[in-house]
Participant: 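The structure's right below; bear with me while I get my questions together.
In what follows, chains carry the letters A, B, and so on, assigned in the order in which the sequence lines appear, proteins first and then strands, with residues in each chain numbered from 1.
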2 protein chains.
Amino acid sequence: MRKPTLEEVAIEAGVSKMTASRALRGSADVSKETRERVIEAATRMSYVGNRLALSLSSQRTNLVAVVVPSMSNIVFPEVLAGISAGLDGSGMQAVFGISDYDVAKERDIIRDMLSWQPCAIIVTGLDQPEETVKLLQHANIPVIQLMDLDGTPIDLNVGLSHGGAGEDMARALVGAGRRRFGYVGSALEKDLRAGKRKAGFERVLHSYGLHFVNQSVDDAFSSIALGKRLTLAMLAAVPDLDCIYYSNDDMASGGLFACMELGVAVPEKILIAGFNGLDLVNSLPAPIATSRSPRRAMGEVAAQLVRQAVAGAQDARQKTVVFKPVITGIDGYDDAPDEPETARLRP
Amino acid sequence: MRKPTLEEVAIEAGVSKMTASRALRGSADVSKETRERVIEAATRMSYVGNRLALSLSSQRTNLVAVVVPSMSNIVFPEVLAGISAGLDGSGMQAVFGISDYDVAKERDIIRDMLSWQPCAIIVTGLDQPEETVKLLQHANIPVIQLMDLDGTPIDLNVGLSHGGAGEDMARALVGAGRRRFGYVGSALEKDLRAGKRKAGFERVLHSYGLHFVNQSVDDAFSSIALGKRLTLAMLAAVPDLDCIYYSNDDMASGGLFACMELGVAVPEKILIAGFNGLDLVNSLPAPIATSRSPRRAMGEVAAQLVRQAVAGAQDARQKTVVFKPVITGIDGYDDAPDEPETARLRP
DNA sequence: GTGAAAGCGCTAACAT
DNA sequence: ATGTTAGCGCTTTCAC
């Protein structure tokens, strides 16, 4: 039992393919009776249109390709949820691919996705190698680079400056009186944005004549367990730190648990600072500092830009939307409470 | 500058469309020189094949449709990562949709995905309403219902019994000497699997002549913050519980943090039990009980089944793969020490 | 308001 | 080893 085609539905309803097509798409100029007859036939036959044919014929698709590096960190699913929600009601459909932080795999996934002729593509970060950039440019569709701003965008760009986030956090922590800093991170050669935060943090430390007293970076991906393990080791070696900066909140939470296990007072003795502003952080048994990255909002804004660009808005290309992360969890420090993101045009 | 078609590449290389097609797909019977000439032309022109045309013409796609209820709980992204990894190298591509725990939205998403003529579809749970089931059956492709086993499968089924997981946990906790139980959950009318766990848990309690001394169920989705809030309220009302069962580990972790804030000893005074075996649980400052659900493995197995079914394996339909969650975090209780989840077939 | 013809970009099947 | 013909299922365009 093969699936019914539009033609079969049309025959069943006693009309031509064309009329059936119009009726099912709710075109204005089809008589009410005809329309009802067609719809009845389609329903009875469990007709499901063939989008391959539709898109090939009409030369447009409702597909928005999205490539993220990972699904193991809640951050990216949240971005995807934002994109998906932002696309809701537009008739567009997001298609997700996972690159595993691998540039070659990312290139292949992008190539594969482009072959489906998406109407737009959203990728993570702006550090794609030249070959991938060329691929993206040749596609001739809106390209959105998401989550990061530190680099040269191809087309649209939505995100925050990770270098800036690191700088701001360092300033806040030094301002809070901390001087003996440690750094705990993971997979920095893959997670480039974490590296940019670290670099920004160090720039500010140096400007104060300070530096990381101790650093510990593992090859594995970030996790609470890893953060805990590295922190236990670091505090065994260098007990007199007064602040540890982590590559993200997962690692930082592990750091907090390590301190609790060692009986080290947080934040009195050691201040723990991460990045992301995960839900988790608000419920932890002790306060840790973090920069809140608006993950869902970035996804929603990206979806919004896609909708505008696809709708053909003139000013919907070559634009950059800047988010500013808000720092929380540092006693006495108050960062412009929940300031909304600003969108500024690029020169 | 429109995108080049196969025909244009063929002309450029001085051959026919067909030869170009064969050359690019690596068909055996194309002379080496011709192949190289075609590939060179395609590369130079940045040719990207049009999968719409390919799939329409060849009557097959490499798309595997996947529908999950949410992206806000790390559990589903982990399943997706498993599916994606399991599909790697097969040439198949997963396409994800999010239903937001809404059956109507799920139906629409499934309909939309089916219109792309996927070669298989994976959905979450087996509680789809009749209309959705009909849609799935009419698609005439392998259907995999994932994560749950408690119900009647349409075709393939991979998961664990949530009712059974609740029962096992209750038996383990009663066996550990607990008697005064509380229950803290959320969104049970949407998260049916959590409801099944609760029901299973209660069945066993009743068989021991026990019951939940107190229950607290919120409409909002599960989160650490919600688990903490509900637990604080419950312990204020009923301080003499000796165990609380939560709808999942997020809620349970919040419960632990609530206990810590109140100075209630965990697990000595109150035993906290959740579900999922999240990474987080292993790093928490106090042990909590949980049933480890093999999320990534379920995704990988589902992908495996899809590959077999699409490859046309005869025994690749109407099959059920059963996973057995392992209970951890109960002192003195050892559930087949880290035995790999068994996948066994059901008649 | 409805229909017929042409074609989207590719591959399957059959030439040669 | 290469080319030709005929679609795949739909929409676009133009006719009536």
Side-chain angles (χ1 to χ4, degrees), chain A residues 2-39 41-42 45-63 91 112 114-119 139-140, chain B residues 2-39 41-42 45-63 91 111-112 114-119 138-140:
Chain A
R2 240 186 59 274
K3 279 186 287 188
T5 68
L6 179 62
E7 175 141 44
E8 285 158 352
V9 172
I11 291 172
E12 191 72 13
V15 295
S16 73
K17 268 194 330 188
M18 229 14 260
T19 304
S21 170
R22 290 190 183 108
L24 290 174
R25 279 181 299 160
S27 168
D29 35 31
V30 178
S31 78
K32 199 174 164 188
E33 296 147 25
T34 309
R35 187 202 327 288
E36 278 165 3
R37 202 146 30 88
V38 171
I39 289 177
M45 302 168 78
S46 302
Y47 171 73
V48 177
N50 185 331
R51 263 230 142 75
L52 298 171
L54 189 164
S55 291
L56 180 60
S57 171
S58 64
Q59 301 284 71
R60 57 198 163 70
T61 68
N62 63 346
L63 256 33
D112 193 81
L114 288 179
S115 74
W116 284 102
Q117 319 289 115
C119 59
N140 226 11
Chain B
R2 241 188 58 276
K3 278 187 289 189
T5 68
L6 180 62
E7 176 141 44
E8 286 157 353
V9 173
I11 290 172
E12 191 73 13
V15 295
S16 72
K17 269 194 329 187
M18 220 28 245
T19 303
S21 169
R22 287 197 267 253
L24 290 174
R25 281 181 297 162
S27 168
D29 34 32
V30 177
S31 78
K32 199 175 164 183
E33 297 148 22
T34 310
R35 187 202 327 289
E36 279 165 3
R37 203 145 29 87
V38 172
I39 290 178
M45 303 168 77
S46 301
Y47 171 72
V48 177
N50 185 331
R51 263 229 141 77
L52 298 172
L54 190 164
S55 291
L56 180 61
S57 170
S58 64
Q59 302 283 71
R60 58 198 162 69
T61 68
N62 62 345
L63 256 33
R111 195 199 304 284
D112 193 81
L114 288 179
S115 74
W116 284 101
Q117 319 290 114
C119 61
H138 272 280
N140 226 10

Participant: How many whole angstroms separate atom NZ of A/Lys17 from atom C1' of D/dG9?
Facilitator: 7 Å
Participant: Quick one: is A/Ser58 getting a side-chain N or O under 4.0 Å of the D/dC10 phosphate, OP1 or OP2?
Facilitator: no
Participant: Please determine if a side-chain N or O atom of B/Ser16 lies less than 4.0 Å away from the OP1 or OP2 oxygen of D/dT2.
Facilitator: no
Participant: With rounding to the nearest 0.5 Å, note down the distance linking OG in A/Ser115 to CG in B/Asn62.
Facilitator: 7.5 Å
Participant: For A/Arg60, which contact category applies under a 4.0 Å heavy-atom criterion: base, sugar-phosphate, or nothing?
Facilitator: sugar-phosphate
Participant: Starting at CH2 of A/Trp116 and ending at P of C/dG9, how long is that distance when rounded to a whole Å?
Facilitator: 16 Å
Participant: Nearest 0.5 Å, please: how far is CH2 in B/Trp116 from CG in A/Asn50?
Facilitator: 9.0 Å
Participant: Are any non-hydrogen side-chain atoms of A/Lys32 and A/Glu36 less than 4.5 angstrom apart?
Facilitator: yes
Participant: I need the CG-C1' distance between B/Leu52 and D/dG7, as an integer number of Å.
Facilitator: 17 Å
Participant: Mind calculating the distance between CG (A/Leu56) and P (D/dG7) to the nearest angstrom?
Facilitator: 17 Å
Participant: Please examine the side chains of B/Met45 and B/Val9, heavy atoms only from C-beta on, and report whether any two atoms are closer than 4.5 Å.
Facilitator: yes
Participant: Would you kindly give the CD-to-C1' distance between B/Glu33 and D/dT2, to the nearest whole Å?
Facilitator: 14 Å
Participant: Please report the end-to-end axis angle for the helix from C/dG1-D/dC16 to C/dT16-D/dA1, five pairs per end, rounded to 10 degrees.
Facilitator: 30°
Participant: Has A/Ser21 got a side-chain N or O lying under 4.0 Å from the OP1 or OP2 atom of D/dC10?
Facilitator: no
Participant: So does A/Tyr47 get a side-chain nitrogen or oxygen closer than 4.0 Å to the phosphate oxygens (OP1/OP2) of D/dC10?
Facilitator: yes
Participant: Rounded to the nearest 0.5 Å, how far does CZ of B/Arg51 lie from CG of A/Leu63?
Facilitator: 12.5 Å
Participant: Could you state the CD-C1' distance from B/Glu7 to D/dT2, rounded to the nearest angstrom?
Facilitator: 16 Å
Participant: By nearest nucleotide on DNA chain D, pick out whichever of A/Arg25 and B/Gln59 is the more 5' one.
Facilitator: B/Gln59
Participant: Does a side-chain heavy-atom distance below 4.5 Å link B/Val38 with B/Val30?
Facilitator: no
Participant: May I have the distance from A/Asp29 (atom CG) to D/dA15 (atom P), rounded to whole angstrom?
Facilitator: 17 Å
Participant: From C-beta outward on A/Val30, which listed nucleotide comes closest to its side chain: D/dG9, C/dT2, C/dT11?
Facilitator: C/dT2
Participant: Go through the structure and list residues passing salt bridge (Lys or Arg N to Asp or Glu O under 4.0 Å) with B/Arg111, not counting sequence neighbours.
Facilitator: B/Glu131
Participant: Find the distance between CG (A/Leu52) and CG (B/Leu54) and round it off to the nearest 0.5 Å.
Facilitator: 10.0 Å
Participant: Using a heavy-atom cut-off of 4.0 Å across all strands, would you classify B/Asn50 as base, sugar-phosphate, or nothing?
Facilitator: sugar-phosphate
Participant: Kindly say whether, by distance alone, the side chain of B/Ser57 makes a donor-acceptor pair under 3.5 Å with the base of D/dG7?
Facilitator: yes
Participant: Mind checking whether B/Ser27 and B/Arg25 have side chains closer than 4.5 Å, heavy atoms only?
Facilitator: no
Participant: Output a table of nitrogen or oxygen pairs between the protein and nucleotides 13-16 of chain C separated by less than 3.5 Å.
Facilitator:
none

Participant: Check the distance between C/dC10's C1' and B/Arg51's CZ and give it to me in whole angstrom.
Facilitator: 12 Å
Participant: For residues A/Leu6 and A/Ala20, report the shortest heavy-atom separation together with the two atoms involved.
Facilitator: CD1-CB, 3.8 Å
Participant: Heavy atoms under 4.0 Å, any strand shown: does A/Thr34 hit a base, just sugar-phosphate, or nothing?
Facilitator: sugar-phosphate
